[in-house]
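Below you'll find the structure, written out as structure tokens, and then a few comments.
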Amino acid sequence: MSFPAASLGSLTPAAFLARRPRAVVVASLVALAVSLAAVLFNPAWTDEVFYADPGACLAMGRGFLSNGVSPLGFGAPWGLSNPGLPLLLAGWFRLFGFGQFAAHAFFFVVQLAGTALCLRWVGRRHALPAWGALAALAAGMTLHSLAGNTIFHARHDAFAALLFAWFLEGMFPVRPSGARHFLLFALGLACVFLGLQFCGFFALAAAGTFLWRRDRGSFLAGLSLAAGMAVGLLLLRWAYGEMGVWQAFLAHRADNFGRAFRPDKFYVSKEFLVFFPACLLLVLTEGLAGRGWRNEVAKAGWCGLLLLLGVPVLIQFVGLWQSPFSWMVAAPLLLAALPVCVAAPFSRGGWFVGVVAGLVLFSCAFRVRELPLAVREAGRRADVVAEFRRLSGPSDAALGSMSLFYGLRASGRPVYWPYDRYQPMHPGLVAAARWLVLAEADRAIVLELIGGEWEQAYATDQAEPRGPQGPYVILRRKAPAR
């Protein structure tokens with residue numbers, strides 16, 4: 001990127017950071033370390049268990065089942081989500097063992113690899129020194145809009161960066177060749193097996209690319225992607241049909257269609273409340289200063305505004321816009337804006353890099369503040385699981401809270417998880433359950449679902465500082481009166 005001669009002497013973020021490469025490297029490594037620690041100690045939550053439990057069953061040799069209480073029953077063949085993540089987790093658990101650290105490391109590694117591949121694509125088009133790539137990698141692993149609902153909440157959206165890099169390599173190759181069509185066909189298959197939201201996003205991205213370029217290559221590339229998705233859906237239909245869960249899969253996916261659009265959910269990440277005025281300022285400062293409304297800095301702002309305003313509406317139109325999809329805006333926005341702004345003087349668009357750096361610092365500060373409590377909570381969860389193993393017999397069935405998933409799943413007891421508080425409890429499980437191992441926050445909900453008479457057998461220390469789950473309790477079913 002070039003700027004007028006009057007601006008050549010002004011300082012750019014690239015020049016400023018190039019004088020301090022060691023400081024950038026150290027800060028980036030610290031940010032990555034904080035991110036990894038926060039990921040490892042974060043407790044499991046509903047969506048994570050929803051995807052991880054079938055993988056755990058498969059890794060333990062029980063088949064593609066789930067101990068979650070769902071419309072399929074409990075301990076039943078799984079088919080309420082796309083199968084790719086559980087299958088990959090099963091292989092990971094076979095290699096590295098089953099547990100919270102192993103599972104959360106999987107999500108961290110997937111996002112790290114995807115972010116690195118996106119930066120590899122960027123590096124072949126823009127000058128990107130090693131320290132700059134490391135800083136961008138740290139941003140990709142810490143920003144809430146990119147990592148908050150992927151690695152910190154262990155969702156299959158952790159694959160977003162990997163699939164996005166895949167899309168960039170196929171749709172915008174350095175040297176176009178026939179291999180790009182095979183690459184995009186394979187991407188279509190992967191989208192179906194990893195999550196239908198990927199199908200919607202990349203189909204829209206391919207259509208947008210064709211409307212922008214209007215060339216034969218973009219049309220054929222989009223056609224290859226669509227063909228992969230079509231074949232993937234046929235394979236998924238066959239597999240889930242053989243398992244007898246295809247109709248349940250369709251019914252569960254249909255819940256994500258037709259819901260009313262909620263204006264308060266338009267900006268699903270608070271970082272969007274920063275990105276929107278920042279992108280608007282990129283446009284206004286260039287245009288009002290007489291430098292043009294369509295130069296490179298202004299175009300970066302226009303691109304950001306288009307993404308922030310357009311993507312939520314389009315995704316809601318084809319499905320449901322929700323917080324885990326914030327990457328659909330943040331990833332292309334930063335990919336378009338940062339290469340331009342890092343080379344622009346601070347007096348023009350360079351300040352946008354400072355905005356992103358500020359968000360990274362804020363995210364790191366938040367994780368550092370929460371980390372001591374997360375470590376203590378991990379110890380508390382280990383204590384309650386150890387007490388449950390001491391109190392219960394090997395064949396005693398129990399219901400557990402999601403945050404206790406990994407410890408209870410490894411306990412060797414038959415433990416089940418109520419995925420949906422509105423889902424009636426299966427009569428067979430009501431009769432079988434002898435124990436409830438719960439966070440205090442779940443106690444009233446689960447007791448209402450299962451009914452019966454229960455007595456408290458154990459509770460963690462109530463006086464210690466604790467997280468939003470509250471103390472953990474073990475409840476034992478009361479023996480029937482004689």
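Just the heavy atoms: all of them, side chains too, but no hydrogens, waters or symmetry mates, feed the values below. Note that the numbering runs from 1 along the sequence shown for the chain.
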Next item on the list: State which residues pass ring pair (Phe, Tyr, Trp, His ring centres under 6.0 Å) with Phe198; sequence neighbours excluded, sorted by chain then number.
Entry: Trp327
Check: For Phe352, which residues count as a ring pair (Phe, Tyr, Trp, His ring centres under 6.0 Å) partner, sequence neighbours excluded?
Finding: none
Next item on the list: Only counting residues at least two apart or in another chain, list the ones meeting salt bridge (charged side-chain N to carboxylate O under 4.0 Å, His left out) with Arg434.
Entry: Asp396
Item checked: By salt bridge (charged side-chain N to carboxylate O under 4.0 Å, His left out) - contacts of Arg476 (at least two apart) -> Glu455
Check: Quick check, are the ring centers of Tyr406 and Phe98 under 6.0 angstrom apart?
Finding: yes
Margin query: Which heavy atom of Gly140 sits nearest to which heavy atom of Thr115, and what is that distance?
Written below: CA-CG2, 4.2 Å
Next item on the list: State which residues pass salt bridge (charged side-chain N to carboxylate O under 4.0 Å, His left out) with Asp442; sequence neighbours excluded, sorted by chain then number.
Entry: none
Notebook entry, point to check: Considering residues at least two apart in sequence or located in another chain, which fulfil the ring pair (Phe, Tyr, Trp, His ring centres under 6.0 Å) criterion with His144?
Noted result: none
Could you list the donor-acceptor pairs under 3.5 angstrom formed between side-chain atoms of residues 225-241 and any protein atom two or more places apart in sequence or on another chain?
unit_1: Tyr240; atom_1: OH; unit_2: Ser81; atom_2: O; d: 2.6

Would you tabulate the side-chain donor-acceptor contacts of residues 385-394 under 3.5 Å, counting partners in other chains and residues two or more places apart, or write 'none'?
unit_1: Glu387; atom_1: OE1; unit_2: Arg390; atom_2: NE; d: 3.4
unit_1: Glu387; atom_1: OE2; unit_2: Arg390; atom_2: NE; d: 3.2
unit_1: Glu387; atom_1: OE2; unit_2: Arg390; atom_2: NH2; d: 2.5
unit_1: Arg389; atom_1: NH1; unit_2: Ser411; atom_2: O; d: 3.0
unit_1: Ser392; atom_1: OG; unit_2: Phe388; atom_2: O; d: 2.7
unit_1: Ser392; atom_1: OG; unit_2: Arg413; atom_2: NE; d: 3.1

Check: By ring pair (Phe, Tyr, Trp, His ring centres under 6.0 Å), which residues pair with Phe276, not counting sequence neighbours?
Finding: none
Name the atoms and distances for all side-chain donor-acceptor pairs under 3.5 Å in residues 26-42, with sequence neighbours left out.
unit_1: Ser28; atom_1: OG; unit_2: Val24; atom_2: O; d: 2.7
unit_1: Ser35; atom_1: OG; unit_2: Met141; atom_2: O; d: 2.8
unit_1: Asn42; atom_1: ND2; unit_2: Phe152; atom_2: O; d: 2.5

Check: Are any of the side-chain heavy atoms of Val356 and Leu143 separated by less than 4.5 Å?
Finding: yes
Note to self: According to salt bridge (charged side-chain N to carboxylate O under 4.0 Å, His left out), who are the partners of Arg155, at least two apart in sequence or on a separate chain?
What the structure shows: Asp47, Asp157
Check: Which pairs pass side chain to side chain donor-acceptor pair (under 3.5 Å) with one or both residues in residues 92-113, sequence neighbours excluded?
Finding: Glu48-His104, Gln111-Thr150
